[in-house]
J.: 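Below is the structure I would like to discuss, written out as structure tokens.
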Amino acid sequence: MFLKEKRALVTGSTSGIGLAIARSLAGEGAQLVVNGFGEPDAIARIVEELSDASGMAASFVGADLSKRAGVEQMMAAAGEVDILVNNAGMQHVAPIEEFPVDKWDMVIALNLTAVFDAVRLAVPHMKRRNWGRIITTGSAHSLTASPFKAAYVSAKHGLAGLTKTLALELAETHITANMISPGYVWTPLVENQIPDTMAARGMTREQVINDVMLERQPSKRFVQPQDVAELALFLCREAAGNITGANYNIDGGWVAQ
Ligand code: NAD
């Protein structure tokens with residue numbers, strides 16, 4: 001249990017990739033702060049499971065991170081965190097001329113601005129302890145683009161720049177900042193964008209899965225949330241202490257093309 005004594009906040013950890021990362025960190029003894037939306041009973045079960053796994057009482061902060069006040073409330077409630085996993089994110093799929101401006105604002109606020117706010121509030125404690133891990137869930141869309149995803153691609157490219165900037169600012173401390181960029185991972189976020197993609201491209205569900213999603217992923221297999229979690233766990237190890245400013249793609253070869 002190499003993360004005993006560490007406190008970890010994983011945003012968007014009630015589902016999908018964030019939940020898998022939270023489970024991995026708890027399995028190594030980290031005390032978890034869970035964030036995200038969901039049914040109270042399901043969240044209570046997650047908190048109980050993570051507490052049992054780590055032996056440290058996990059907690060839940062249900063803040064809406066698309067609002068600056070929500071991020072500030074979360075950071076105040078979470079207390080001093082040693083590991084910050086910026087994972088909460090959303091998608092909206094629409095042609096540029098029809099892209100709803102409120103969806104643009106929301107995607108940029110949640111996927112990009114919330115990370116800036118969480119990091120600026122987490123770093124003072126990490127500096128005091130001279131140890132920290134900032135891990136951000138990017139996307140293959142931090143390195144390449146797809147049509148109809150203007151806000152998401154812009155936000156994820158922005159996160160790539162933010163991660164590199166943090167790495168340089170913090171380089172002489174023992175705080176690292178890295179990004180993990182998955183291709184298509186089978187989670188609710190992916191499942192929920194199928195209807196909009198069907199509408200935007202005039203396709204069936206099977207066509208969207210095979211001809212749009214896995215078409216970009218040469219392995220033809222969805223990444224699993226646990227694959228991302230294993231890499232996040234490695235980035236928390238001391239052996240990863242000199243890895244900073246990196247953007248690791250886990251995408252079945254997508255960005256190799
Ligand atoms: P998911 O929908 O399963 O989980 C998203 C999480 O974020 C949930 O816990 C949800 O409650 C939370 N969330 C959503 N809006 C929020 C808000 N306003 N405030 C606080 N929490 C909020 O999605 P996922 O696929 O696990 O995605 C997690 C991250 O991985 C996202 O940043 C996403 O962009 C990224 N990603 C996913 C894929 C994929 O194929 N699934 C690929 C690349 C990157």
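Just follow the structure's listing: the first ligand is 1, and inside any ligand the first atom is 1. All values derive from a computational prediction rather than experimental measurement.
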J.: Taking atom 13 (N) of ligand 1 as the point of reference, which of Ala88, Gly138, Pro225 owns the nearest heavy atom?
T.: Ala88
J.: Have a look at Asp82 and tell me which of Lys6, Arg129, Arg128 forms a salt bridge (Lys or Arg N to Asp or Glu O under 4.0 Å) with it.
T.: Arg129
J.: If I apply the N/O under 3.5 Å rule, does Gly18 come out as touching ligand 1?
T.: no
J.: Please check if the distance between the ring centroids of Phe99 and His92 is under 6.0 Å.
T.: yes
J.: If you take all heavy atoms of Thr244 and Asn178, which pair is closest and at what distance?
T.: CA-OD1, 3.2 Å
J.: Verify the distance criterion only: is there a donor paired with an acceptor across the side chains of Gln226 and Ser24 at less than 3.5 Å?
T.: yes
J.: Which ligand 1 atoms are under 4.0 Å away from a heavy-atom of Ser66?
T.: 18 (N)
J.: List ligand 1 atoms under 4.0 Å from Tyr184, heavy atoms only on the residue side.
T.: 40 (O)
J.: Can you list the ligand 1 atoms lying under 4.0 Å from a non-hydrogen atom of Thr137?
T.: 29 (C), 30 (O), 35 (C)
J.: Looking only at protein heavy atoms, which one is nearest to atom 27 (O) of ligand 1, and what is the separation?
T.: Leu189 CD1, 3.8 Å
J.: So for Tyr152, does at least one of its heavy atoms come nearer than 4.0 angstrom to any atom of ligand 1?
T.: yes
J.: Quick test: of every protein heavy atom, which one is nearest to atom 18 (N) of ligand 1, and how far off is it to 0.1 Å?
T.: Asp64 OD1, 2.8 Å
J.: Starting from atom 32 (O) of ligand 1, locate the nearest protein heavy atom and write down its residue, its atom name and how far away it is, to 0.1 Å.
T.: Asn87 O, 2.7 Å
J.: Considering only heavy atoms of Val190, which atoms of ligand 1 have at least one such atom less than 4.0 Å away?
T.: 39 (C), 40 (O), 41 (N)
J.: Please list the nearest protein heavy atom to atom 12 (C) of ligand 1 with its residue and the distance rounded to 0.1 Å.
T.: Gly12 CA, 3.6 Å
J.: Counting heavy atoms not belonging to Met106, are there more than 12 under 6.0 Å from its CE?
T.: no
J.: Closer than 4.0 angstrom, basic N to acidic O: yes or no for Arg23 and Glu49?
T.: yes
J.: List the closest protein heavy-atom neighbour of atom 9 (O) of ligand 1: residue, atom name, distance to the nearest 0.1 Å.
T.: Thr14 OG1, 2.7 Å
J.: Is there a polar contact, in the sense of an N or O pair closer than 3.5 Å, between Leu65 and ligand 1?
T.: yes
J.: Within the structure, does Val185 bring an N/O atom to less than 3.5 angstrom of an N/O atom in ligand 1?
T.: yes
J.: How does Lys156 reach ligand 1, by side chain, by backbone, by both or by neither, if only non-hydrogen atoms under 4.0 Å count?
T.: side chain
J.: Check for me whether Ala63 has a heavy atom closer than 4.0 Å to any atom of ligand 1.
T.: yes
J.: Report the nearest protein non-hydrogen atom to atom 43 (C) of ligand 1: residue, atom name, distance rounded to 0.1 Å.
T.: Pro182 O, 3.3 Å
J.: Numbering the atoms of ligand 1 from 1, which are under 4.0 Å from a heavy atom of Asn35?
T.: 20 (C), 21 (N)
J.: Heavy atoms only: which of Ala114, Ser13, Gly89 lies closest to atom 14 (C) of ligand 1?
T.: Gly89
J.: Between Gln193 and Lys149, do the side chains contain a donor N or O and an acceptor N or O under 3.5 Å apart?
T.: yes
J.: Should Glu98 and Lys103 count as an ion pair when the cut-off is N to O under 4.0 Å?
T.: no
J.: Using only atom types and a distance under 3.5 Å, with no angle test, would you say the side chain of Thr14 pairs donor to acceptor with the backbone of Phe37?
T.: yes
J.: Relative to the heavy atoms of Gly16, which atoms of ligand 1 are at a distance of less than 4.0 Å?
T.: 3 (O), 26 (O)
J.: Compute the minimum heavy-atom distance from Lys67 to ligand 1 and say whether it is under 4.0 Å.
T.: no
J.: Give a yes or no on whether the backbone of His174 and the side-chain of Asn130 come within a donor-acceptor separation of less than 3.5 Å.
T.: yes
J.: For atom 24 (P) of ligand 1, what's the nearest protein heavy atom and its distance?
T.: Thr187 OG1, 3.4 Å
J.: Starting from atom 16 (C) of ligand 1, what is the nearest protein heavy atom, named by residue and atom, and what distance separates them?
T.: Phe37 CE1, 3.4 Å
J.: Distance only, no hydrogens: is a donor on one side chain within 3.5 Å (strictly under) of an acceptor on the other, for Ser181 and Asn247?
T.: yes
J.: Do Met56 and Ser51 have side chains that approach each other closer than 4.5 Å (heavy atoms only, starting at C-beta)?
T.: no
J.: Looking only at non-hydrogen atoms, find the nearest pair between Ala240 and Arg133 and report the distance.
T.: C-NH2, 4.3 Å
J.: Going only through I, L, V, M, F, W and Y residues with side-chain contacts under 4.5 Å, is there a path from Leu65 to Val123?
T.: yes
J.: Between Ser146 and Arg216, is there a side-chain donor-acceptor contact under 3.5 Å, judged purely by atom types and distance?
T.: yes
J.: Check ligand 1 against Gly36 and write out every atom of the ligand that is under 4.0 Å from a heavy-atom position of the residue.
T.: 11 (O), 21 (N)
J.: May I ask you to list the atoms of ligand 1 that are less than 4.0 angstrom from any heavy atom of Ser15?
T.: 1 (P), 3 (O), 4 (O), 8 (C), 9 (O)
